[in-house]
Student: 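The structure follows.
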Amino acid sequence: MIIDAPEQRIRVLPEAVINQIAAGEVILRPASVIKELVENAIDAQAFTISVWTERGGKQRIQVTDDGMGMSPIDAELCFERYATSKIQSIKDLQRLLTKGFRGEALASIAAVAEVELFTRQPSRPIGTYVRIAFGKKLQVEPTRCAAGTTFIVQKLFHRLPVRRKSLHSDQTEHRYNLQEFFRIAYPHPERHFRFYHNSTLLYDLPPSTLLHRILSIHTDLKEEDLIPVEENTSFFSIQGFLLSPEATPPHNRDSFLFINRRFIRHAALQQAAYSVYKPFLKGEARPLYWLFLEVPPSQIDINVTPAKTEARLLNEMEIRALLQSIIRRALALAPLALPQDWLQKVSSSLPPLPAQQKESQLEPFAPSLASVPLSGASSEYFLLYGRYLLLRRGKEIWLIDLLGAYQRILFEKWLNGASISPQGLLFPVHMPITPLQAAKLRELALSLLNQGLQIEVREEKEVVLHTVPAGLPFTAAAAILEEIIALTNEEEEKINWRERLAQHIARYNVIRPPYTLTSEGVEALWHDLNQCSQPNQSPSGRPIRFLLTEAMLENLFR
Ligand code: ADP
Ligand code: MG
């Protein structure tokens with residue numbers, strides 16, 4: 001009797017084979033290598049990142065950063081699959097702030113190419129050199145090298161002839177490489193990027209603002225053709241630029257949507273943006289925009305594809321509607337030749353925005369008059385031109401400038417130390433300073449932080465503003481940093497800088513007219529204003545309110 005030997009046909013694949021399969025998902029071409037290496041450099045908090053390529057990256061790719069480097073142990077571990085310093089448990093994905101987290105990029109690259117690594121932590125005198133080729137570690141030794149990390153990748157796909165053959169010409173791969181490089185450089189204008197091809201420096205992008213980052217990549221665009229957009233709501237914020245439809249090249253195919261500083265392909269959002277633009281565009285053109293969405297990490301899942309270029313959003317519907325309204329509004333407010341019925345369409349199709357105030361800018365600025373008796377029949381009000389309030393309280397009649405009133409209320413709230421939480425700037429603002437200013441700013445840093453303003457002084461010649469007080473529009477950041485720098489030039493004894501900043505901030509933070517008011521709103525305003533120490537004067541010294549006395553009227557008609 002023959003008993004069959006137990007048959008085992010299923011086997012766990014050897015690590016090297018697993019890595020090659022995984023590489024097929026992450027590393028498709030030289031551009032994927034560049035993406036992964038540059039993203040790692042950013043995660044390592046590098047300030048300067050340089051990319052060198054030869055023959056479209058097919059021959060050689062080098063990425064050098066001045067980031068935190070790796071210890072000798074990590075320098076070997078980083079090539080292991082699922083080895084990452086960025087998350088420890090799945091819960092960490094809810095608060096993910098790094099580009100990477102899957103720990104498979106380096107393993108994948110090393111599975112399909114020859115990789116050399118030079119890395120040194122700034123605190124150590126000696127670095128580590130590792131050479132690994134097609135999954136096999138060949139060399140590990142201490143080495144002298146600059147602080148930071150350099151990866152050199154050669155012989156990409158040399159053992160995978162089919163893969164190698166499917167690559168395009170050097171020029172085409174080069175174009176893909178640049179594309180990938182730009183997609184990382186746009187959302188990080190605060191860092192310095194360089195790109196070399198065949199030893200020629202093609203792009204040198206020093207730290208700057210988003211606007212200048214865009215203009216230094218697209219040297220063919222003009223600043224006045226870029227329409228800024230910005231919106232903050234409680235569940236997401238968006239900022240960026242739209243290229244005016246008139247300046248959009250007729251065959252444009254590019255658009256740049258970033259979510260939490262990651263380039264994302266999101267068909268539904270892109271389609272939504274396109275549908276708003278469409279009536280303005282000629283022929284086949286697609287809109288060109290750079291839009292940066294920020295959502296809490298807990299509301300987005302980017303673990304959809306290994307390359308993390310797709311995302312699921314928790315509030316997709318809301319975000320889509322808001323995105324459309326933001327673009328509509330931006331296009332409507334820009335000085336463009338608009339289709340006849342456009343404004344009409346804009347105001348009727350806007351969804352309710354959490355940030356109500358901006359909405360009202362679309363209302364016609366006609367002298368509208370509203371009169372509503374207040375709950376206690378002893379008062380009554382009229383709203384004039386969306387800005388001035390004629391208020392009767394008992395026998396008194398007041399004329400109030402609402403803008404000044406709101407500024408005063410905010411200003412005093414601020415001065416009285418209402419808790420001010422910082423709100424991170426997606427694009428920190430940089431400004432040059434003198435060493436003397438640097439010293440003063442260092443002294444001020446802590447008190448500024450208490451006011452929601454986080455500054456960083458870099459090498460005595462540059463100051464960076466990382467946060468603005470919560471609620472403040474991002475666009476105010478540059479002006480506020482200017483004001484902070486200006487304050488360092490004045491004699492300390494003579495200024496109350498806290499008050500000066502409060503003044504400045506009240507000017508930006510305030511909701512702008514035209515206003516719409518409910519009777520509760522009027523009550524609240526009147527109450528808040530009377531709580532102020534100086535209810536009659538705006539922070540910058542303009543009058544806020546007049547009691548209309550008979551004498552005043554007589555004077556008027558004298
Ligand atoms: P992930 O980025 O998902 O963590 P990677 O395979 O890309 O996975 O990298 C593995 C690990 O190697 C990272 O978590 C990080 O600790 C380290 N590493 C990679 N590149 C760098 C770098 N340029 N500087 C410092 N550490 C790095
Ligand atoms: Mg990575």
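Because the structure is a prediction, the values reported are computed rather than measured. First listed ligand is number 1; within each ligand, the first listed atom is number 1.
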Student: Quick test: of every protein heavy atom, which one is nearest to atom 12 (O) of ligand 1, and how far off is it to 0.1 Å?
Tutor: Cys78 CB, 3.2 Å
Student: Is the distance between the ring centroids of Phe256 and Tyr186 less than 6.0 Å?
Tutor: yes
Student: Should you measure from each heavy atom of Gly100, which atoms of ligand 1 turn up under 4.0 Å away?
Tutor: 2 (O), 3 (O)
Student: Counting from 1, what ligand 1 atoms have a heavy atom of Arg102 closer than 4.0 Å?
Tutor: 3 (O)
Student: Please determine whether a side-chain nitrogen of the Lys or Arg among Arg102 and Glu104 lies less than 4.0 Å from a carboxylate oxygen of the Asp or Glu.
Tutor: yes
Student: Counting non-hydrogen protein atoms only, what is the nearest one to atom 20 (N) of ligand 1? Give residue, atom name and distance.
Tutor: Asn40 CB, 3.2 Å
Student: Would you mind checking which non-hydrogen protein atom is closest to atom 23 (N) of ligand 1, with the distance to 0.1 Å?
Tutor: Asp65 OD2, 2.8 Å
Student: Check whether any heavy atom of Ala83 sits under 4.0 Å from an atom of ligand 1.
Tutor: yes
Student: Determine the minimum heavy-atom distance between Thr143 and Ile126, stating which atoms define it.
Tutor: O-CG2, 3.5 Å
Student: Give the residue and atom name of whichever protein heavy atom lies nearest to atom 18 (N) of ligand 1, and the separation in Å to one decimal.
Tutor: Met70 CE, 3.7 Å
Student: Run the contact test for Asp74 against ligand 1 with a 4.0 Å cut-off on heavy atoms, strictly below, and give the result.
Tutor: no
Student: For a quick check under 3.5 Å, do Gln62 and Thr64 share a side-chain donor-acceptor pair by atom type?
Tutor: yes
Student: Search all heavy atoms of Asp65 against all heavy atoms of Ala46 and return the closest pair with its distance.
Tutor: CB-CB, 3.5 Å
Student: Which protein non-hydrogen atom lies closest to atom 2 (O) of ligand 1, naming both residue and atom, and how far is it?
Tutor: Lys86 NZ, 2.6 Å
Student: Give a yes-or-no answer on whether the side chains of Ser275 and Gln324 include a donor-acceptor pair shorter than 3.5 Å.
Tutor: yes
Student: Could you list the atoms of ligand 1 found under 4.0 angstrom from a heavy atom of Phe101?
Tutor: 1 (P), 3 (O)
Student: Please name the residue in the list Glu39, Glu190, Glu294 that meets the salt bridge (Lys or Arg N to Asp or Glu O under 4.0 Å) test with Arg261.
Tutor: Glu190
Student: Check each atom of ligand 1 against the heavy atoms of Ala105 and keep those under 4.0 Å away; list them by number with element.
Tutor: 6 (O), 7 (O)
Student: Hey, looking at atom 9 (O) of ligand 1, which of Leu106, Ile49, Ile109, Thr98 has the closest heavy atom?
Tutor: Leu106
Student: Give the atoms of ligand 1, by number and element, whose distance to some non-hydrogen atom of Phe151 is under 4.0 Å.
Tutor: 20 (N)
Student: Decide if atom NZ of Lys278 counts as having more than 12 heavy atoms of other residues, nucleotides or ligands within a radius under 6.0 Å.
Tutor: no
Student: Which residue holds the protein heavy atom closest to atom 25 (C) of ligand 1, what is that atom called, and what is the gap in Å?
Tutor: Ala44 CB, 3.5 Å
Student: Verify the ring-centre separation between Phe292 and Phe427: is it less than 6.0 angstrom?
Tutor: yes
Student: Could you confirm whether Thr84 has any N/O/S atom lying under 2.8 Å from the Mg ion (ligand 2)?
Tutor: no
Student: Check each atom of ligand 1 against the heavy atoms of Thr84 and keep those under 4.0 Å away; list them by number with element.
Tutor: 1 (P), 4 (O), 14 (O)
Student: Can you confirm, on distance only, whether ligand 1 has an N/O atom lying under 3.5 Å from any N/O atom belonging to Ser85?
Tutor: yes
Student: Any N or O on Gly103 sitting closer than 3.5 Å to an N or O of ligand 1?
Tutor: yes
Student: Assert yes or no for the condition that the ring centre distance of Phe118 to Phe151 is strictly below 6.0 Å.
Tutor: no
Student: Looking just at side-chain N and O atoms, do Gln179 and Asn177 make a donor-acceptor pair shorter than 3.5 Å?
Tutor: no
Student: Looking at ligand 1, does any of its N/O atoms fall within less than 3.5 Å of an N/O of Glu36?
Tutor: no
Student: Any carboxylate oxygen within less than 4.0 angstrom of a Lys/Arg side-chain nitrogen, looking at Glu15 and Arg81?
Tutor: no
